Trainee: 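Dropping the structure in here first, questions after.
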Amino acid sequence: MAKAGILPDKDIAALFDNGALASARPLDGDQIQPASLDLRLGTIAYRVRASFLPGPNHRVSEKLERLKLHEIQLGEGAVLETGCVYIVPLLEGLDLPDGISASANPKSSTGRLDIFTRVMTDHGQEFDKIPAGYSGPLYMEVSPRTFPIVVRTGSRLSQIRFRTGKALLDESALADLHARETLVASDDPNITGGGIALSVDLSGGENGLIGYRAKHHTALIDVDQRDQHDIADFWEPLTGDGAGGLILDPDEFYILVSQEAVHVPPHHAAEMTPFDPLVGEFRVHYAGFFDPGFGHSSAGGTGSRAVLEVRSHEVPFILEHGQIVGRLVYERMLSRPRALYGADLKSNYQGQSLKLSKHFRMR
């Protein structure tokens, strides 16, 4: 039986060499991550009437002909407005062998800007899931929720992971790994439902800051520019109420942080899954990839906590300090990556606590 696991960086590079991955232009130097590949926007965006899936009998291009409102050239940069849905053909395409499947997720910075992205394929019946053996183009649905954004050809909003077999750790294997490696800094870890729980930190620490709430009607954010925007122009800082609670208002977007530090050992990769909405009227809005080496002490990550992008549902909801808000699931790597997150890489969020995306600067 073939070995199961997430493909590391060297195997992702090999996919390009053998034609399983192709790109319309040369790769960026930092596009291949330890356990994923950043996906790049192509040359044109289609504003569409509504989100859609092509279904088993259609290509995405066929649905676009019926649903598109207008076309936007991305070569020199273009504005994508909040509340609108855009479909963008990507520079990367796939010709996967039968034994390799893939899944996609927004990049960390994308989630922290409240940009809703999903990847789809021809004949696809699910977002962000690419079956083994898929051959064809990739498309990204992009919908800014809070801030209008500027994107261009080559902008990287999402990422893709490749896997062989069933690499997911079950509860027993996850408990064993935690006992050896301390996956979350908790004296009594909650390991159920195939994942290990994360709770929210609303204590505020010495300065009382517990998170940020996004402002509305702001200026544009260029997704390719770092340290360009003043935090105060886009975010309202939130301080604790003294009782360890925060009322989430419907349709508001919050950046919070986990109470536990997170550790992803070099031979594993992790993913944040949204917490079951049946236990509360909120959700962690974006699932996210955690690369091998995140929070790993030898990679400079001791004390790295998970930043949480949170929304309430239809009604206000009180979130309490220490309340479980999500779970981390872990998968085996096929082999250790050449580069770990935070080590020999310009990793934006290694060693983080409460932190906004890389686009913002402090006064």
Side-chain angles (χ1 to χ4, degrees), residues 1-43 59-61 74 88-108 110 117 119-124 128-140 152-168 224 264-271 289-294 299 331-348:
M1 182 181 294
K3 185 179 179 183
I6 299 291
L7 271 62
D9 44 16
K10 56 183 177 292
D11 291 338
I12 296 173
L15 292 179
F16 283 99
D17 295 336
N18 64 29
L21 263 168
S23 179
R25 75 180 197 188
L27 292 179
D28 299 339
D30 60 348
Q31 193 174 342
I32 297 178
Q33 304 296 322
S36 62
L37 172 74
D38 290 350
L39 296 172
R40 299 175 296 178
L41 301 184
T43 60
R59 295 183 175 89
V60 175
S61 59
L74 300 183
V88 185
L90 300 180
L91 293 178
E92 288 73 38
L94 298 177
D95 185 13
L96 294 177
D98 289 337
I100 297 180
S101 62
S103 61
N105 238 322
K107 289 175 61 65
S108 295
T110 303
T117 70
V119 171
M120 57 181 168
T121 64
D122 286 342
H123 312 293
D128 288 334
K129 302 295 183 185
I130 298 95
Y134 174 75
S135 181
L138 295 173
Y139 298 83
M140 188 184 298
R152 57 189 54 78
T153 301
S155 294
R156 291 144 57 174
L157 300 180
S158 193
Q159 54 196 338
I160 189 169
R161 269 185 180 169
F162 303 91
R163 58 178 53 79
T164 62
K166 295 183 178 180
L168 191 67
D224 298 322
V264 183
H267 286 89
H268 291 81
E271 182 176 345
F289 290 155
F290 289 73
D291 273 339
F294 182 88
E331 295 183 86
R332 298 177 182 87
M333 298 292 298
L334 272 179
S335 60
R336 180 185 172 118
R338 288 172 177 165
L340 295 178
Y341 188 93
D344 303 319
L345 295 173
K346 295 179 179 179
S347 304
N348 295 308

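Given the structure is predicted, the values throughout are model-derived calculations rather than measurements.
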Trainee: When rounded to the nearest 0.5 angstrom, what distance separates CG in L157 from CG in N105?
Mentor: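 Between L157 CG and N105 CG, I get 13.0 Å after rounding to 0.5 Å.
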Trainee: Shortest non-hydrogen contact from P337 to P266?
Mentor: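 Scanning both residues, the minimum pair turns out to be CD-O, 3.3 Å.
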Trainee: How many angstroms lie between atom CG of L37 and atom OG of S158, to the nearest 0.5 angstrom?
Mentor: 10.0 Å
Trainee: So, for D9 and Q33, which heavy atoms are closest and what is the spacing to 0.1 Å?
Mentor: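 Where D9 meets Q33 most closely, the heavy atoms are CB-O, 3.4 Å.
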Trainee: State, to 0.1 Å, how close R163 and E331 come at their nearest heavy-atom pair, and which atoms those are.
Mentor: NH2-OE2, 2.8 Å
Trainee: Ignoring hydrogens, what is the shortest heavy-atom contact between A132 and S101? Give both atom names and the distance.
Mentor: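 So the two residues come closest at N-CB, 3.7 Å.
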Trainee: Take a 6.0 Å sphere around NZ of K166 and say whether it holds more than 12 heavy atoms from other residues, nucleotides or ligands.
Mentor: no
Trainee: Distance-only, no hydrogens or angles: does the K10 side chain make a donor-acceptor pair with backbone N or O of R336 under 3.5 Å?
Mentor: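 Yes; judged by distance alone, with no hydrogens or angles, the pair exists.
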Trainee: Check step by step if side chain to side chain donor-acceptor pair (under 3.5 Å) holds for R40 and S23.
Mentor: CA-CA 9 Å; R40 299 175 296 178; S23 179; 2.6 Å; yes
Trainee: Drop me the distance from R161's CZ to I6's CD1, to the nearest 0.5 angstrom.
Mentor: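 The CD1 atom of I6 is 5.5 Å from CZ of R161, to the nearest 0.5 Å.
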Trainee: Name every donor-acceptor pair, under 3.5 Å, that has one atom in a side chain of residues 11-18 and the other anywhere in the protein, sequence neighbours excluded.
Mentor:
unit_1, atom_1, unit_2, atom_2, d
N18, OD1, A20, N, 3.0
N18, ND2, A14, O, 3.3

Trainee: Can you tell me how far the CG atom of D291 sits from the CD atom of Q159, to the nearest 0.5 Å?
Mentor: 6.5 Å
Trainee: Could you measure the distance from the OG atom of S103 to the CD1 atom of I160? Nearest 0.5 Å is fine.
Mentor: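 S103 OG to I160 CD1: 7.5 Å, rounded to 0.5 Å.
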Trainee: Can you list everything that forms a side-chain contact (heavy atoms from CB on, under 4.5 Å) with D30? Sequence neighbours excluded, please.
Mentor: D28, R156
Trainee: Can you find a heavy atom in the side chain of L41 that is under 4.5 Å from one in the side chain of L90?
Mentor: yes
Trainee: Using every non-hydrogen atom in the two residues, find where R25 and G154 come nearest and quote the distance to one decimal.
Mentor: NH2-CA, 3.5 Å
Trainee: Between L334 and K3, does the side-chain contact (heavy atoms from CB on, under 4.5 Å) criterion hold? Intermediate values first, please.
Mentor: CA-CA 7 Å; L334 272 179; K3 185 179 179 183; 3.9 Å; yes
Trainee: Give, for atom CG of D224 and atom CZ of R152, the distance between the pair rounded to the nearest 0.5 Å.
Mentor: 4.5 Å
Trainee: Checking side chain to side chain contact (heavy atoms under 4.5 Å, CB included) between V88 and each of L74, T117, T43, L39, which is the one that passes?
Mentor: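 For V88, the side chain to side chain contact (heavy atoms under 4.5 Å, CB included) test succeeds with only one of L74, T117, T43, L39, which is L74.
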Trainee: Test of understanding: with side-chain contact (heavy atoms from CB on, under 4.5 Å), list the residues that count as partners of D122, not counting sequence neighbours.
Mentor: R59, V60, Y134, P137, Y139
Trainee: Nearest heavy-atom pair of A104 and F289: which atoms, and what distance?
Mentor: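 For A104 versus F289, the nearest heavy atoms are C-CZ, 4.1 Å.
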